[in-house]
Amino acid sequence: MRSIEGNAKTLDDPMQIPAIEIKGLTKSYGRVQALRGVDLEVRQVEIFGFLGPNGAGKTTAIRCMLDLIRPDGGELRVLGMDPRRQSVEVRERTGYLPGELSLYPNLTARGMLRLLNSLRRHRADPATIESLAERLALDLDTPIKNLSKGNKQKAGLLQALMHRPELLILDEPTLGLDPLMQKEVLQILREARAAGTTVFFSSHNISEVEEVADRVGIIRKGRVVEVLEPESLWDRSLRRVRVRFRKAVDPQRVAEAPGVTLLDGSDGTSVVLQVTGEMGGLIRVLAQLPVRDLETERPTLEEIFLALYRNDEED
Ligand code: ATP
């Protein structure tokens, strides 16, 4: 394994240093192996989505990046630094939204942000705090204990974003937010990238990752199994398609389209199909048939994992 220390390319040119570089990271909690050799490289000034099912190891990897827990083995660099030896500096230059927020319940959001801001070397501009609060529709004068779950999440996001750090590490940033707010948060992340920030965020939500991420890392059972651009996730994934016809057709005609598997064609006037990859082949076949209606369903994350990794030896 190539060691991070020995990476000559990164030593010569600071812009080439990955924002996050992880090699062979392992971590167990007793008998549970949460990370089983994670390898990952996040480039500077990209939005990187970290996607994986429950219990895959996302939060554990993130906590290692900030030295909130210590890995058992492997190598880790954040902004070129070792989080174990330079944890204060790593946290100073990073904005972090934890998965489980523990805020100061008796303070108002404004009081909490002031307190956290006073602890930082690089202070946030009060105007930035006000403008972010306005965009997120967060009332800064409500005591945190009286905020709804979604509004607590916004307060957590604000403390991560307010000092405009060079790296954002966000554990499920849109969790508990309504769809409009989710969009606003994704827009804020895009603007952060435009201003030169690297964004690393974990998610279960394949649509939001597709919408905002430049690259996606898929973690499964404590290993990063793939890093890819979001479009290719859809290209290779499954869609479930239901087609209704004006009159009965032979379901086999539809099943012959490329990438199509017939799931149900028993009632003659409708079929349920599974389509792998692009839809063009199916659409060409359907154009010759009396189609009344067509519905497609995006697969769940679990279905995509199953489709992509069905042949994994672990399964
Ligand atoms: P989720 O999407 O559900 O938040 P995740 O991908 O963030 O999951 P982790 O929270 O990193 O996953 O958990 C990875 C594994 O480690 C899981 O099996 C989990 O039960 C276990 N685990 C996490 N934290 C602890 C802990 N403090 N003690 C024991 N086991 C833990």
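Both counts, for ligands and for their atoms, begin at 1 and track the order of listing. Values below: all heavy atoms of this structure, side chains included; hydrogens, waters and symmetry mates excluded.
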Inset, instruction - Return the residue, atom name and 0.1 Å-rounded distance of the protein heavy atom closest to atom 31 (C) of ligand 1. - result: Y29 CD1, 3.2 Å

Inset, instruction - From atom 15 (C) of ligand 1, work out which of G57, S202, G55 has a heavy atom at the shortest distance. - result: G55

Inset, instruction - Might you check, step by step, whether the distance between atom 20 (O) of ligand 1 and some protein heavy atom is under 4.0 Å? - result: no

Inset, instruction - Looking only at protein heavy atoms, identify the closest one to atom 11 (O) of ligand 1 and say how far it is in Å. - result: T60 OG1, 2.5 Å

Inset, instruction - Measure across V254 and L273 and return the closest heavy-atom pair with its distance rounded to 0.1 Å. - result: CG1-CD1, 3.5 Å

Legend entry - Closest protein heavy atom to atom 5 (P) of ligand 1, given as residue, atom name and distance to 0.1 Å: K58 N, 3.5 Å

Inset, instruction - For ligand 1, note which part of V32 has a heavy atom under 4.0 Å away: side chain, backbone, both or neither. - result: side chain

Inset, instruction - Could you tell me whether the side chain of Q187 reaches within less than 4.5 Å of the side chain of R135, counting heavy atoms only? - result: yes

Inset, instruction - Could you list which atoms of ligand 1 come closer than 4.0 Å to a heavy atom of A34? - result: 14 (C), 15 (C), 16 (O)

Inset, instruction - Specify whether F200 and F50 have parallel, tilted or perpendicular ring planes, treating 30° as the upper limit for parallel and 60° as the lower limit for perpendicular. - result: tilted

Legend entry - Main-chain N/O of E172 paired to Q153 side chain as donor or acceptor, under 3.5 Å: yes

Legend entry - Residue, atom name and distance, where the atom is the protein heavy atom closest to atom 3 (O) of ligand 1: N54 ND2, 2.9 Å

Inset, instruction - Look at ligand 1 and say whether P53 reaches it with a heavy atom at a distance under 4.0 Å. - result: yes

Legend entry - Close approach, R63 and ligand 1, non-hydrogen under 4.0 angstrom: no

Legend entry - Carboxylate-amine/guanidinium contact R43 D214, below 4.0 Å: no

Inset, instruction - Before accepting this row, confirm whether a basic side-chain N of the pair D141/R110 lies closer than 4.0 Å to the acidic partner's carboxylate O. - result: yes

Inset, instruction - Name the closest protein heavy atom to atom 10 (O) of ligand 1, giving the residue it belongs to and the distance to 0.1 Å. - result: T59 CB, 3.7 Å

Legend entry - Which atom of V90 lies closest to which atom of P83, heavy atoms considered: CG2-CA, 4.0 Å

Legend entry - Polar proximity ligand 1 side, A56 side, N/O cut 3.5 Å exclusive: yes

Legend entry - Electrostatic pair E41-R215, nearest N-O below 4.0 angstrom: no

